[in-house]
Number of protein chains: 2
Amino acid sequence: MTGRTRGEQTKAAIIDAALALFTERGFDATTMRAIAESAGVSLGNAYYYFRSKDELVQGFYDRTAVEHGERLPEVLDGLDGLADRLTAHLDLWFELMAPQHPFAVGFFRNAADPASPLSPFSAASAPARTAAIELMERVVEDAAPPVPATVRAQLPEVLWLYHMGVVLFWVHDRSVEQAATRLLVRRTAPMIERVVALADLPALQATIVDLTTLLADLKAMAG
Amino acid sequence: MTGRTRGEQTKAAIIDAALALFTERGFDATTMRAIAESAGVSLGNAYYYFRSKDELVQGFYDRTAVEHGERLPEVLDGLDGLADRLTAHLDLWFELMAPQHPFAVGFFRNAADPASPLSPFSAASAPARTAAIELMERVVEDAAPPVPATVRAQLPEVLWLYHMGVVLFWVHDRSVEQAATRLLVRRTAPMIERVVALADLPALQATIVDLTTLLADLKAMAG
DNA sequence: CTCCTTTGTTGAACGTGTTCAAGTTGAACA
DNA sequence: TGTTCAACTTGAACACGTTCAACAAAGGAG
């Protein structure tokens, strides 16, 4: 975690201090002054590396995303069915994020603001978004039986949207160890696999085209 | 808007001032001090009537919900198809909320916090939630052709969830006059009608049961 | 009338996130 | 070596949401 340059070390120290305090006291109860003091750094210095308190959480979220990408192959190994692979992917996410669930709200509250750079749809988070969709691509590409060509191109992005929806649910989930979210995934992933498997049915072509063009139109308007 | 007692008048003055300033400058750029000054009242007095800045916005939302319920029959009048009725219902919501869209983000940001009483899923907003589902019941009950009995009971609540999803999209929608959200509804409402019409198909029974029990299980865990 | 309670009102003060002008450090270069 | 300059660091200061002890007005009860 210790970077080469002085700046990288300071930055890591701030993230570490913030993560520890967030976990210990929660997001709102942790002040920027406490983070700076705990990191052995001045208040202003914390703002040199992170433009806001929220961006601090983004830094740690990025860390988790990297670890997610690194460990994904190992949890996908040996799994063929799309539902199994999707479930394993999300379970890994839950596992990595579980310690941060108590203060995740403080993060996602601002992520829900479309004007915020933390919004998953914002231009600022485009790299993180692309990386996340890339992970879904890995979930999809080696699935067996293979995903019908009809929906193959759109599927990773659609599954990423599904992921975002699950995250929204997870944030609101107050059941023990977020069991409700796990249940949601365990039940809906097979449904997705079932629907995807039917994508070549002639009867569904109209609906698939409808959905595809709708997505394209909406993305065009969102520009 | 002028109430009988002194307190009611002051309260109304504060709401009016806040609404004007929010609309003019947006939520974040409007300070409580500016609201108080504009209402001809001291800062502390604003907090005598509203426990927080957010609670001030909740007032508008409640007002709008009441108006929505009052005007719903008139926009549903003469419409039979479920898609048409659903679209009319949501269009009315858009019409009523349009003036507040610029600062709606400031409101919904906190509504996205499940711990906040403003969250649509919180216990504190249970009355508002029940009222909103009740409106969906009115959308469903007189639809022709009638909704299959298989899904009739669950449909209003499911449509309310759909409504919440649309609201989430609407908040993020930066297209002119939220045209993208209208497009989304115009395209998805017919899909919903189509799926609902197929609810009695034997091939779909398993999936419908799956979804129904999933919803029930999740609600039980959320308890 | 006086007293008491409820309701309404005030502005100073607190703690917070954030900004900024001013300073320090250290490595590359002359 | 001395110079330069970008990277880094500082703490005071600002504006905001919110709290609070104190005060004023209104309206009965005696």
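The sequence lines fix the lettering, A, B, ..., with proteins before strands; numbering per chain opens at 1. All values below were derived from every heavy atom in this structure, side-chain atoms included, with hydrogens, water molecules and symmetry-related copies excluded.
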For DNA chain C, which residues of residues 30-38 of chain A approach it to below 4.0 angstrom with any heavy atom?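 Residues of residues 30-38 of chain A that come under 4.0 Å of DNA chain C are, in numerical order, T30(A), T31(A), M32(A), R33(A).
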Phosphate OP1/OP2 of [N]: any [X] side-chain N/O under 4.0 Å:
X      : N       : result
Y47(B) : dT18(D) : yes
N45(B) : dG8(C)  : no
T10(B) : dT9(C)  : yes

Side chain to side chain contact (heavy atoms under 4.5 Å, CB included) assessment of E141(A) paired with V147(A): CA-CA 8 Å; E141(A) 68 180 353; V147(A) 170; over 6 Å; no
Can you tell me the distance, in whole Å, between the [atom1] atom of [X] and the [atom2] atom of [N]?
X      : N       : atom1 : atom2 : result
F50(B) : dG17(D) : CZ    : C1'   : 16 Å
I14(B) : dT18(D) : CD1   : P     : 14 Å
D54(A) : dT18(C) : CG    : C1'   : 12 Å
Q9(B)  : dT7(C)  : CD    : P     : 17 Å
E55(B) : dG17(D) : CD    : P     : 15 Å

Taking the side chain as every heavy atom from C-beta outward, state whether H89(A) and V75(A) have any pair of such atoms under 4.5 Å apart. no
Is any side-chain heavy atom of Q58(A) closer than 4.5 Å to one of D62(A)? yes
Check DNA chain D for consecutive Watson-Crick or G-U pairs with both distances under 3.5 Å and list the runs of at least three as stems. C:1-30 with D:1-30
What residues form a side chain to side chain contact (heavy atoms under 4.5 Å, CB included) with S42(B), not counting sequence neighbours? N45(B)
List for me each residue that meets side chain to side chain contact (heavy atoms under 4.5 Å, CB included) alongside Q100(B), sequence neighbours excluded, and say none if there are none.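 With neighbours one apart ignored, the set is L19(B), F60(B), T64(B), M97(B), F103(B).
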Under 6.0 Å from the ring centre and within 45 degrees of the ring axis: does the NZ or CZ of K53(B) meet both conditions for the six-membered ring of F27(B)? yes
Looking at F50(B), I'd like to know if the NZ or CZ of K11(B) sits under 6.0 Å from its six-membered ring centre while staying within 45 degrees of the ring's axis.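 Yes, K11(B) and F50(B) form such a contact.
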Most 5' of L43(A) and S42(B) on DNA chain C, judged by nearest nucleotide: S42(B)
Residue whose nearest DNA chain C nucleotide is more 5′ - G44(A) or A29(A): A29(A)
Rounded to the nearest 0.5 Å, what's the gap from CZ on R174(A) to NE2 on H172(A)? Could you check? 8.5 Å
What's the verdict on side chain to side chain contact (heavy atoms under 4.5 Å, CB included) for R138(B) and R85(B), showing C-alpha distance, side-chain angles and the deciding distance? CA-CA 9 Å; R138(B) 284 200 248 160; R85(B) 294 171 69 83; 5.7 Å; no
5'-most contact on DNA chain D: Y48(A) or R51(B), nearest heavy atom basis?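 Whichever sits nearer the 5' end wins; that is Y48(A).
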Taking only nitrogen or oxygen atoms into account, show me every contact under 3.5 Å that the protein makes with nucleotides 21-25 of chain D, one pair per line with its distance.
none

Counting only pairs under 3.5 Å, give me each side-chain donor-acceptor contact of residues 157-170 of chain B, with atom names and distances, residues two or more places apart or in other chains.
residue : atom : partner : partner atom : Å
E157(B) : OE1  : K219(B) : NZ           : 2.9
E157(B) : OE2  : K219(B) : NZ           : 3.1
Y162(B) : OH   : T188(B) : OG1          : 2.6

Test item: T213(B) side-chain N/O and D210(B) main-chain N/O as donor-acceptor pair under 3.5 Å: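 Flag set: sc T213(B) to bb D210(B) pair under 3.5 Å.
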